[in-house]
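Working notes, structure below.
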Amino acid sequence: MKFRPLHDRVLVKRVEEDTKTAGGIIIPDTAKEKPSQGVVEAVGAGVRGEDGKLQALDVKVGDRVLFGKWSGTEVKVDGQDRLIMKEADILGVIEG
């Protein structure tokens, strides 16, 4: 299934964090927090400014992003969990 977000929304796949600490302690599933990093899989066309021109989004497909703990709406796309959020919910792009 192809999915295209509308306007200033993006589709994000969460990136799983390590299940083991630096000291070697394994973190059980019940103690894990949902990761706040993800990879952008699809972006909307952008928003219209007051002048009527379309402003493209700052993020693009493939960007690794950081977002708030409660950001976005969880959905299933092709049976896999994804997040749909507005670009404003993204705190920043992780580079490097």
Side-chain angles (χ1 to χ4, degrees):
M1 166 175 57
K2 286 285 229 175
F3 180 82
R4 181 177 54 93
L6 298 177
H7 308 296
D8 65 338
R9 290 180 175 81
V10 297
L11 181 69
V12 176
K13 175 184 176 184
R14 285 187 196 267
V15 175
E16 294 300 321
E17 295 178 0
D18 291 336
T19 58
K20 192 186 292 187
T21 66
I25 299 171
I26 296 174
I27 303 168
D29 288 340
T30 55
K32 287 183 195 172
E33 288 189 21
K34 289 186 178 180
S36 58
Q37 290 184 27
V39 176
V40 176
E41 291 192 331
V43 296
V47 292
R48 296 222 178 262
E50 291 181 18
D51 59 358
K53 292 183 180 177
L54 194 63
Q55 292 180 314
L57 302 181
D58 288 332
V59 296
K60 60 188 179 306
V61 173
D63 280 350
R64 189 175 181 113
V65 295
L66 186 67
F67 49 87
K69 193 175 195 177
W70 306 108
S71 297
T73 302
E74 292 187 6
V75 296
K76 282 202 182 275
V77 176
D78 287 337
Q80 298 179 351
D81 290 329
R82 297 293 186 262
L83 285 170
I84 297 176
M85 63 181 71
K86 289 189 170 237
E87 185 186 36
D89 292 338
I90 296 174
L91 303 174
V93 177
I94 301 170
E95 297 178 347

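None of the values given here were measured: they were computed from a predicted structure.
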Counting only pairs under 3.5 Å, give me each side-chain donor-acceptor contact of residues 46-54, with atom names and distances, residues two or more places apart or in other chains.
residue: Arg48; atom: NH1; partner: Gly52; partner atom: O; Å: 3.2
residue: Asp51; atom: OD1; partner: Lys53; partner atom: N; Å: 3.1

List the atom pairs, donor and acceptor, that lie under 3.5 Å between side-chain atoms in residues 57-66 and the rest of the protein, sequence neighbours left out.
residue: Lys60; atom: NZ; partner: Asp63; partner atom: OD1; Å: 3.2
residue: Asp63; atom: OD2; partner: Lys60; partner atom: N; Å: 3.0
residue: Arg64; atom: NE; partner: Gln37; partner atom: OE1; Å: 3.1
residue: Arg64; atom: NH2; partner: Gln37; partner atom: OE1; Å: 3.1

| request: Mind jotting down which residue pairs meet the salt bridge (charged side-chain N to carboxylate O under 4.0 Å, His left out) criterion with at least one end in residues 81-90? Sequence neighbours excluded, please. | output: Asp8-Lys86, Glu41-Arg82, Lys76-Asp81
| field | Exercise: identify the closest heavy-atom pair between Val12 and Gly38 | value |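 Closest approach of Val12 to Gly38, heavy atoms only: CG1-CA, 3.8 Å.
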| CZ on Phe3 to CD1 on Ile84, rounded to 0.5 Å | 3.5 Å
| What's the spacing between Leu91 CG and Ser36 OG if we round to 0.5 Å? |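 Answer for the CG-OG pair, Leu91 versus Ser36, is 8.0 Å.
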| request: Identify the residue among Thr73, Leu11, Ile90 that makes a side chain to side chain contact (heavy atoms under 4.5 Å, CB included) with Met85. | output: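 The residue from Thr73, Leu11, Ile90 that satisfies side chain to side chain contact (heavy atoms under 4.5 Å, CB included) with Met85 turns out to be Ile90.
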